[in-house]
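Below is one structure, written out as structure tokens; comments come after it.
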Amino acid sequence: MDWLNPESLASGFDTAAGTFPWGTTFEQLEALGVRPAYAEFGVSVWHVPGADVLGLRSSRTELMVPYRGRPVMSVRHRIDLPEGESHVNFVLRAHAQLVSQLAVPDYGEMQPARFKEENAWNVAVSAGWRVGNVSVGISWYGAPRNDEAEVKTSGVLFLDWDDEIAAAAPWLDAWQQEQVALEAMLREAHAVAKLQAGPAHEQALYRGNPKDIRALITAQRVLRGPSLHFTVPDFALLKGDAAADHQLVLWSAASLEAWGVSDIHNTVYCRRGETLRAQWVQVLPAKGGGSTDLSFGPLANTSPYRPRERCGAIAQFMDILATMPGASFQYSETYDC
């Protein structure tokens, strides 16, 4: 079996249908005739026939995108257990093979006692490497798993392309044009309702060079939640007696062609003919202390738990929001288990 050049991991991912560059979308794969055996989580995960990777056989591969229409950024290769070979012997041999190709892992853990437990849901050996802008990881099970494929699997090889700025580039200009239009809209908007809420957060995953944080956060929004925009600096409707970072404002555009919800960092909006779903979830105390969770599309806000009878301001805010064109509202309860 030929070993692939480890550096090829930095440029693309492998399937039985061929090798495709990072940045390829499901739509582009379909245009090339690639189809999933099945999909899950909407259309964010494709299960496709696998390929040999780094000298290891994978009958099944999972391709993952962060949002519909966005590129494949994560790949999971289920590593087959060769027929007739001991799981433990194969894992030790295959792991040594990976180390010989990828060098000493950046991190890793070995718990050989877990092989004796013969528990397929435990991880006995794990390791991780960096190849260009791709994170490579391996998890070897304590015992082989009987996955959906006909063959048993001994572990899973993870590939994550995390150059988010490069990944977002094809959609960045269109998103930024929307941001510019939104900022003009916010400067002339009027308040419909305000709410004292939990602290506002930028809702970002901080990775990479701190000097690129703004570009990184923008890229993450373009990739994972393109309807989540930035609130204009010094947004007048968030000024007042209450702390700006604990406020939500429901606003309407001066043209009446759009409305939205903003905190000090984040804004979502709904144009005429579009829809926006709001949710209020009371997470009741159980093992944890509970919380009061609000969401408006991708904009989320969490505050310490209060009984519903003490949430009159939230109820009023949501009742008003429910009257806005295209709005929907759902209340639910769960437990902090």
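Given the structure is predicted, the values throughout are model-derived calculations rather than measurements.
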Y331, OH: over 12 other non-hydrogen atoms inside 6.0 angstrom: yes
How long is the span from the CE atom in M64 to the CZ atom in F26, to the nearest 0.5 Å? 9.0 Å
Taking everything shown except E333 itself, do over 12 heavy atoms lie less than 6.0 Å from its CD? yes
Side chain proximity check, L98 to W129, heavy atoms < 4.5 angstrom: yes
R221 side, atom CZ; L228 side, atom CG - distance, nearest 0.5 Å: 4.0 Å
Strictly below 4.0 Å, N to O, side chains only: are R76 and D160 in salt-bridge contact? yes
What residues, two or more places apart in sequence or in another chain, satisfy side chain to side chain donor-acceptor pair (under 3.5 Å) together with W140? H95
Greater than 12 external heavy atoms within 6.0 Å of Q316's CD: no
Taking all heavy atoms of R78 and all of S58, pick out the closest pair and write down the distance. O-OG, 2.9 Å
Nearest 0.5 Å please: distance from the CD atom of E164 over to the CE atom of M73. 5.0 Å
List for me each residue that meets ring pair (Phe, Tyr, Trp, His ring centres under 6.0 Å) alongside F329, sequence neighbours excluded, and say none if there are none. none
Partners passing side-chain contact (heavy atoms from CB on, under 4.5 Å) against Q111 (at least two apart in sequence or in another chain): E109, R114
Evaluate R68 against S44 for side chain to side chain donor-acceptor pair (under 3.5 Å), listing each step before the verdict. CA-CA 6 Å; R68 63 181 180 275; S44 63; over 6 Å; no
Is it true that the side chains of Q179 and H229 contain a donor and an acceptor less than 3.5 Å apart? yes
Counting only N and O atoms by type, is there a donor-acceptor contact under 3.5 Å from the side chain of E117 to the main-chain atoms of G142? no
D319 versus T323, closest heavy-atom pair with distance: O-CG2, 3.4 Å
Once rounded to the nearest 0.5 Å, what's the spacing between atom CG of L186 and atom CG of L237? 8.0 Å
So which heavy atom on V34 is nearest to which on A17, and how close? CG2-CB, 3.8 Å
Using the test side chain to side chain donor-acceptor pair (under 3.5 Å), find all partners of H77 that sit at least two apart in sequence or belong to another chain. T61
Can S291 and D336 be counted as having a side-chain donor-acceptor contact under 3.5 angstrom? no
Tell me, yes or no, whether the heavy-atom count around E309 atom CD, taken from other residues, nucleotides or ligands under 6.0 Å, exceeds 12. yes
Donor-acceptor contact present, side-chain W259 to main-chain P325, <3.5 Å: yes
Each residue besides V281 in its hydrophobic cluster should be listed here, by chain and number; the cluster joins Ile, Leu, Val, Met, Phe, Trp and Tyr at side-chain heavy-atom distances under 4.5 Å. V283
Joint hydrophobic cluster, Y67 plus W171, side-chain heavy atoms closer than 4.5 Å: no
Short question: side chain of N266, backbone of H201 - any donor-acceptor pair under 3.5 Å? yes
Under a 3.5 Å distance rule, please check whether N119 uses its side chain to pair with a backbone N or O of W121 as donor and acceptor. yes
Determine the minimum heavy-atom distance between I264 and D245, stating which atoms define it. CG2-CA, 4.0 Å
Distance-only, no hydrogens or angles: does the E188 side chain make a donor-acceptor pair with backbone N or O of S255 under 3.5 Å? no
Output the distance between atom CG (L54) and atom CG (L159), rounded to the nearest 0.5 Å. 8.0 Å
What are the two closest heavy atoms between G290 and Y305, and how far apart are they? C-CB, 3.5 Å
Do V151 and L81 have side chains that approach each other closer than 4.5 Å (heavy atoms only, starting at C-beta)? no
Is it the case that more than 12 heavy atoms not belonging to D234 sit under 6.0 Å from its CG atom? no
Exercise: do T292 and S303 side chains pair donor with acceptor under 3.5 Å: no
Least distance between heavy atoms, W161 atom then G23 atom: CZ3-N, 3.4 Å
Do the non-hydrogen side-chain atoms of V72 and W46 ever get within less than 4.5 Å of each other? no
Q330: partners by side-chain contact (heavy atoms from CB on, under 4.5 Å), with sequence neighbours left out: R277, Q279
Where the side chain of R145 meets the backbone of A120, is there a donor-acceptor pair that is under 3.5 Å apart? yes
Report the distance from atom CD of E202 to atom CZ of R214, rounding to the nearest 0.5 Å. 7.5 Å
Between L299 and L248, is any pair of side-chain heavy atoms under 4.5 Å apart? yes
With a 4.5 Å cut-off on side-chain heavy atoms, are V91 and F115 touching? yes
With clusters defined by side-chain heavy atoms of hydrophobic residues (ILVMFWY) lying less than 4.5 Å apart, directly or transitively, does Y141 cluster with I138? no
